[in-house]
Amino acid sequence: MKKYDKYDVETIARMIDGKLPWPELRLILSEEKDSDRFEKVMEILQKRVPWKEKILLPLHEHLYIVSKEGKRIVKCDCGYEFGDYRENWKTKCRIRVRDTNESLDEIYPPYMHSDPQWEEIREYYCPGCLTLLDTELASPGYPPVFNFLPDIDTFYEEWLGRSAPDRKGA
Ligand SMILES: [Zn+2]
């Protein structure tokens, strides 16, 4: 692999926060990634969370897969734990369903939303900090959409060339 290590932690942190001006960001996006980009991003994220469990993978805005007592769980940056990462974290959320014309009228201009008998909007809030984590549109009765189930070990072994941090010595 070509060694390509151009951007420092401060620049990457500004990129994560959306604070890089477009011309600079466009350059970074179109270039080959730094070989240690993942490590830098993980270092930044780990320093920002108030808890000590090791982050294995960022999962979603505010959510991380972490290693805790030999288990891989989903954890919010507020500290709320959603449990096993192989289960849909949305099922542990506080959920608001917009399935009436009145509730859809709150967020759409008049006559611009779909028929709530055909499509509803679900808002998923963290039970710990009440941050809106995700929204989805689905037909009434359709199960909560499972966004992402990463293969953590394959990612570490085949993309990073090493074992996941919680597999060391295993
Ligand atoms: Zn939270």
Heavy-atom closest contact ([X] atom, [Y] atom, distance):
X: L104; Y: S114; result: CD1-O, 3.9 Å
X: S103; Y: D99; result: OG-N, 3.5 Å
X: P150; Y: L59; result: CD-CD1, 4.3 Å
X: R94; Y: P127; result: CG-CA, 4.0 Å
X: A13; Y: I44; result: N-CD1, 3.5 Å

State plainly whether the residues [X] and [Y] are in salt-bridge range, i.e. N to O under 4.0 Å.
X: E10; Y: R14; value: no
X: K54; Y: D166; value: no
X: R72; Y: D84; value: no
X: R37; Y: E39; value: no

Check: [Y] and [X] side chains under 4.5 Å, non-hydrogen atoms:
X: C93; Y: C126; answer: no
X: S67; Y: P165; answer: no
X: I107; Y: I121; answer: yes
X: I152; Y: R167; answer: no
X: E157; Y: R162; answer: no
X: D151; Y: Y156; answer: no
X: K75; Y: W51; answer: yes
X: L45; Y: P58; answer: yes

- Hphob cluster co-occupancy, W159 + V41, side-chain heavy atoms under 4.5 angstrom: yes
- Path from W22 to L27 over hydrophobic side-chain contacts below 4.5 Å: no
Any donor-acceptor pair under 3.5 Å linking the side chain of [X] with the backbone of [Y]?
X: K92; Y: F82; value: yes
X: K40; Y: Y7; value: yes
X: E61; Y: D134; value: no
X: D115; Y: Q117; value: yes
X: T91; Y: N88; value: yes
X: H62; Y: L133; value: no
X: Y80; Y: L130; value: no

- Under the side chain to side chain contact (heavy atoms under 4.5 Å, CB included) criterion, do I55 and I65 qualify, and how do the steps go? CA-CA 6 Å; I55 298 172; I65 298 174; over 6 Å; no
- Around E24, counting heavy atoms of other residues, nucleotides and ligands shown, do more than 12 lie under 6.0 Å from its CD? yes
- Message: Just checking R48: does its CZ atom have more than 12 heavy atoms from other residues, nucleotides or ligands closer to it than 6.0 angstrom?
- Response: yes
Does one side chain, of [X] or [Y], offer a donor that lies under 3.5 Å from an acceptor on the other?
X: E87; Y: Y85; answer: no
X: D8; Y: T11; answer: yes
X: Y142; Y: E136; answer: no

- For side chain to side chain contact (heavy atoms under 4.5 Å, CB included), just list the numbers for V49 and Y64, CA-CA rounded to whole Å, side-chain angles, deciding distance to a tenth of an Å, and then say yes or no. CA-CA 10 Å; V49 293; Y64 307 87; 3.8 Å; yes
- Query: Name the one of H113, E123, E120 that satisfies side chain to side chain donor-acceptor pair (under 3.5 Å) with R98?
  - Reply: E123
Rounded distance [0.5 Å steps], [atom1] in [X] versus [atom2] in [Y]:
X: H60; Y: F148; atom1: NE2; atom2: CZ; value: 11.5 Å
X: M42; Y: L160; atom1: CE; atom2: CG; value: 9.0 Å
X: L20; Y: R26; atom1: CG; atom2: CZ; value: 13.5 Å
X: L57; Y: L63; atom1: CG; atom2: CG; value: 12.0 Å
X: E53; Y: I73; atom1: CD; atom2: CD1; value: 6.5 Å

- Query: What do you reckon, are the aromatic ring centroids of F38 and F155 less than 6.0 Å apart?
  - Reply: yes
- Give the intermediate values and the outcome of side chain to side chain contact (heavy atoms under 4.5 Å, CB included) for residues L137 and R122. CA-CA 6 Å; L137 281 79; R122 302 160 184 169; over 6 Å; no
- Query: Any idea how Y124 and W89 line up, ring-wise: parallel (<30°), tilted (30 to 60°), or perpendicular (>60°)?
  - Reply: perpendicular
- Task: Run the numbers on K68 and E81 for salt bridge (charged side-chain N to carboxylate O under 4.0 Å, His left out), then give the verdict.
- Result: CA-CA 10 Å; K68 183 175 185 179; E81 295 178 351; 2.9 Å; yes
